[in-house]
Asks: 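This is the structure I want to talk about, given as structure tokens.
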Amino acid sequence: MNRVLRASTALWLTIVVVACGKLDRASEPAPADPEAAAVADEVQREMAMAGAPSASKPSAPAPKKRAAKADKSEAIGSRDEEPATASLDAPMEGGGAATTPASTPTRAWFPETMLFAPRVVTDEQGAAALDVPVPDRLTTWRVLALAHSRQGAQAGSVTRFASDLPVSVDAVVPPYLVAGDRVQLPIQVVNATDAALSRPLTVRADGGRVSGAPANVRIDARGTATVLTWLEAGEPGTLAVEASVPGEDSVVRSIPVRSAGQPYHVERGGTLAAPRTVTLALPERVLAGSSRVSLTVLPGALALLRAELASASARSSIDDDGYLLALTGRAPALAAALKATVEPETVLRLSRVAGQRLARAAINPDLFTALKLAPGALRHPADTLIGRNGAHLAGIVARAQRPDGSFGGGNGWTVQRVLVTTTDGLAVLRTGTDAQATRAAMLRAGGAFERFAGQIDDPYTAAAVLASGAVDGQLADELAKRVTDALVARDDGARVLPVPGGVLRADGGAPTETEATALAVLALHDRPSASLLLPDLGAALLSAWRPGAGFGDGATNAKAIEAVALLFTDPLPAKVVVSLAREGKTLGTATLEGDKLKEQANIEAALATTGGPLTLEVRADPPVPGLSFVASVDGATPWPAPPPDAGLALELDRPSFAVGRPATLTVRATAPDGAGLRIEQALPAGVDAVKSSLDALVEAGTIQSFDLEEGRVVLTTPEREQGSAFVARFTVVPTLAGTLHPSASSSEIDGDESTRVYFPPAPWTVAAR
């Protein structure tokens, strides 16, 4: 399946190769300019999306045997599909031969996007070559190349090529199954030749059981044959189905298998600075075979900086805009402190986005807007537009300083909020260029801090005042002690600075523990007495970061990224081996080497547990303070029976079901005093609700609204007369035959989660056609 793509054009190339979604043997080049212009916006969206990593589902890489080679480019796989994770070397159950012949290549990698190379630099002759793998999709691929020269001239070209086979096989799988489901699975065999064929067929499953597959299948010339086999899902996890026509084609499709119980999730984090022992409190009753443990290793400070540059522009509050300004203004210096560089074009593009947002916000700003945006804007002195708006906002802040040295204030303000606002005001002025005015403002603010020192009784405010740089001597020592005394050590070895109730930020919001911990780092980083505490504080920050979301809101991100870069300036080792163990038995390992040190790594394993405390051991060889981890366990517990005094009831009348035939469901519910309800009616895999039937319920006033979610229909009901029941009928269409297990349905009063009651499910039976 592998092919080589070669591009020859001007000086900089952006290349995107995507599946067209249908098989087209024609491979004629399309006209360059019209289509290239039409998809230019699509390319920009792809570029933006590709830079934002996902915590829950990373891009699907090609299998190792398909390792791509690219010179001065960046290739990004699909975000929509992942390759099969099951090992097909393990024994699999099912009909036909026990193994696929070595001469039959197995297709298991199905990304929508084959290649995304946003920046490819050509040689002096305008030529560039990329060796890339072609995924296992049998489809037509569209290759889009956009180019520009140093002088700004632009051009584009689109071409296509097909990837197909004379005889191919595929399994039509559902998006998910539930443990214990038994479904009828279609297997399609396509004959692209001009002669009728008869071929052997094998179907196997890893993580389940198949039965009833025919030993041979006959396909007409240029035809398609569909055969049916029964598939039974095993324990929760991933079920891999392999269908093979030996000697012709073999395909592996993965199906997530969910638990039939109530999901639970617990997690703990820490740093890899030393071996860690982590205790997780699991529920007391856990369904056998439902639990999986996952260890996520988060990248170091430099990788976090680059990840934040890729995702920060997707957040759009005033806090986030201030963070984007600060991040782009400080990125080169932060990267240099980490002994690296960042792409100038990336910083320039993000600065322009930040500048546009700043221009809108700076039209009529209040003090809080100025406090949020000015520090970042003042870090762009070379940008006339951003610099001018930054100076305007800084002026607003400077004029807000009172004669007593404080900033802000008003009816209902506490001294604590005034002092924190003062530290924010100083952060703006310290970033400006008027050194004399800044020194005067710092002296006045220092006087205010001295006067109110006796009222600085919480560690968050103490850390903010100490980090402002406006105090020294005995007061600075007292504030540092107040901060260090308040630090709390977690079981995983990390330390955090908790935030007492009633403590406010300048904008009146409550600061998070992550923001307070970052402030503690900024306040204590240059104090020798706190040197042993800093790595543990950094560990808490690293474990709080999430791809795409950062450390929290914009204000938290701004403090946290500076603290992380301040702490973890040592380069990472060339190779790190991370292991996860339970009671001395290794559950999995991950080797981080080269570019892998810049990416999120995962170790996953099935977990045999019936519930209760779980102790895990996490180790890195060698130990690395600049890497952190999150250990988590996901599983299920039995659905609880409805409490007898809940006052809520939910019943479902089900008719007989057959694949492809519409059927009417009747939902009945009651609530005290005829209150309005939010009902989540669960549906099993392969059963889809018909939207028009739900629209009719809204038009009739039976329900106020509905939402269609995967595996459920959410109904919002109006209030009713006391003692009357809610009754709604809507249509569903089953697409899978067999025995199917839905999740639990639930009902709650007026959308109040505290009143929610779950109703354990019963299996559905759907007849084959």
Side-chain angles (χ1 to χ4, degrees), residues 315 317-323 326 361 365-376 393 396-397 400-402 404-430 441 444-471 475 478-480 482-483 485-488 496-524 537 540-541 544 550-560 562-563:
R315 313 163 198 153
S317 70
I318 292 295
D319 276 324
D320 294 324
D321 292 344
Y323 170 56
D366 57 14
L367 173 62
F368 301 123
T369 300
L371 289 172
K372 295 173 188 293
L373 297 177
L393 295 171
I396 294 174
V397 173
Q401 189 175 28
R402 299 172 180 271
D404 67 354
S406 65
F407 289 76
N411 291 334
W413 280 54
T414 63
V415 171
Q416 180 270 322
R417 185 181 176 187
V418 170
L419 295 179
V420 170
T421 304
T422 301
T423 66
D424 286 354
L426 294 180
V428 173
L429 300 182
R430 288 201 312 271
R444 290 193 295 271
F449 296 145
E450 292 279 357
R451 288 191 299 275
F452 291 107
Q455 298 186 50
I456 305 176
D457 55 4
D458 70 275
Y460 174 81
T461 305
V465 171
L466 184 58
S468 73
V471 296
L475 178 56
E478 291 175 357
L479 294 177
R482 200 162 299 167
V483 174
D485 288 349
L487 296 178
V488 174
V496 295
L497 183 66
V499 181
V503 173
L504 300 176
R505 301 195 308 197
D507 59 7
T512 65
E513 187 176 83
T514 301
E515 180 184 350
T517 303
L519 262 180
V521 172
L522 299 177
L524 301 174
L537 291 170
L541 291 179
F551 299 92
D553 64 11
T556 302
N557 279 325
K559 295 179 178 68
E562 184 176 358

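Below, each value reflects all heavy atoms present in this structure, side chains not excepted, and no hydrogens, waters or symmetry copies.
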Asks: Distance alone, cut at 3.5 Å: any donor-acceptor contact between the side chains of Y460 and Q416?
Replies: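 There is no such pair between these side chains.
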
Asks: What distance do L519 atom CG and L537 atom CG have between them, rounded to the nearest 0.5 Å?
Replies: 11.5 Å

Asks: Any non-hydrogen side-chain atom of P365 less than 4.5 Å from a side-chain atom of L373?
Replies: no

Asks: Search all heavy atoms of A563 against all heavy atoms of A518 and return the closest pair with its distance.
Replies: CB-O, 4.0 Å

Asks: When rounded to the nearest 0.5 angstrom, what is the spacing between CG in D366 and CD1 in I396?
Replies: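 Answer for the CG-CD1 pair, D366 versus I396, is 8.5 Å.
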
Asks: Hey, is the main chain of V418 close enough, under 3.5 Å, to the side chain of T422 for a donor-acceptor pair?
Replies: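 Yes: the side chain of T422 pairs with the backbone of V418.
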
Asks: Might you point out which heavy atoms bring P375 and A370 nearest each other, and give the distance in Å?
Replies: CD-O, 4.1 Å

Asks: Give me each pair satisfying side chain to side chain donor-acceptor pair (under 3.5 Å) with a member in residues 449-459, each pair once, sequence neighbours excluded.
Replies: D458-T461

Asks: Does either side chain, that of S317 or that of D319, offer a donor lying less than 3.5 Å from an acceptor on the other one?
Replies: no

Asks: Could you tell me if the side chain of L419 sits less than 4.5 Å from the side chain of F452, heavy atoms only?
Replies: yes

Asks: Check this for me, if you would: do R505 and D553 make a salt bridge, where the nitrogen-to-carboxylate-oxygen distance has to be below 4.0 angstrom?
Replies: yes

Asks: State which residues pass side chain to side chain donor-acceptor pair (under 3.5 Å) with E562; sequence neighbours excluded, sorted by chain then number.
Replies: R330

Asks: Which heavy atom of T514 sits nearest to which heavy atom of A544, and what is that distance?
Replies: OG1-CB, 3.7 Å

Asks: Quick one, F407 with L429, criterion side-chain contact (heavy atoms from CB on, under 4.5 Å). Give me CA distance, side-chain angles, the key distance, then yes/no.
Replies: CA-CA 12 Å; F407 289 76; L429 300 182; 3.9 Å; yes

Asks: Kindly give the heavy-atom pair with the smallest separation between G405 and A448, and that separation in Å.
Replies: C-CB, 4.3 Å

Asks: Distance check, rounded to the nearest 0.5 Å: F551 atom CZ versus N557 atom CG?
Replies: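 With rounding to 0.5 Å, CZ (F551) is 7.0 Å from CG (N557).
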
Asks: Please tell me if the side chains of V496 and L487 come closer than 4.5 Å, counting only heavy atoms from C-beta onward.
Replies: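 In short, these two side chains do not touch, never coming nearer than 4.5 Å.
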
Asks: Which atoms form the tightest heavy-atom contact between L475 and A453, and what is the distance?
Replies: CD1-CB, 3.7 Å

Asks: Check A486 against P498 and note the closest heavy-atom contact, atom names and distance.
Replies: O-CD, 3.3 Å

Asks: Do R417 and V420 pass the side-chain contact (heavy atoms from CB on, under 4.5 Å) test, and can you show the C-alpha distance, the side-chain angles, and the key distance before you say yes or no?
Replies: CA-CA 5 Å; R417 185 181 176 187; V420 170; 5.8 Å; no

Asks: Counting C-beta onward and ignoring hydrogens, is there a side-chain heavy-atom pair between I456 and V465 closer than 4.5 Å?
Replies: yes

Asks: Once rounded to the nearest 0.5 Å, what's the spacing between atom CD of E513 and atom CG of L497?
Replies: 8.0 Å

Asks: List in chain and number order the residues that pass side chain to side chain donor-acceptor pair (under 3.5 Å) with D424, two or more places apart in sequence or in another chain; answer none if no residue qualifies.
Replies: none

Asks: Can you find a pair of side-chain heavy atoms, one from L426 and one from F449, that are under 4.5 Å apart?
Replies: yes

Asks: So how far is it from L479 CG to S468 OG, rounded to the nearest 0.5 Å?
Replies: 9.0 Å

Asks: Between I318 and F368, is there a side-chain heavy-atom distance shorter than 4.5 Å?
Replies: no

Asks: Do R315 and D321 pass the salt bridge (charged side-chain N to carboxylate O under 4.0 Å, His left out) test, and can you show the C-alpha distance, the side-chain angles, and the key distance before you say yes or no?
Replies: CA-CA 8 Å; R315 313 163 198 153; D321 292 344; over 6 Å; no

Asks: Roughly how far apart are L541 CG and K559 NZ, rounded to 0.5 Å?
Replies: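 So the gap between those two atoms works out to 12.5 Å.
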
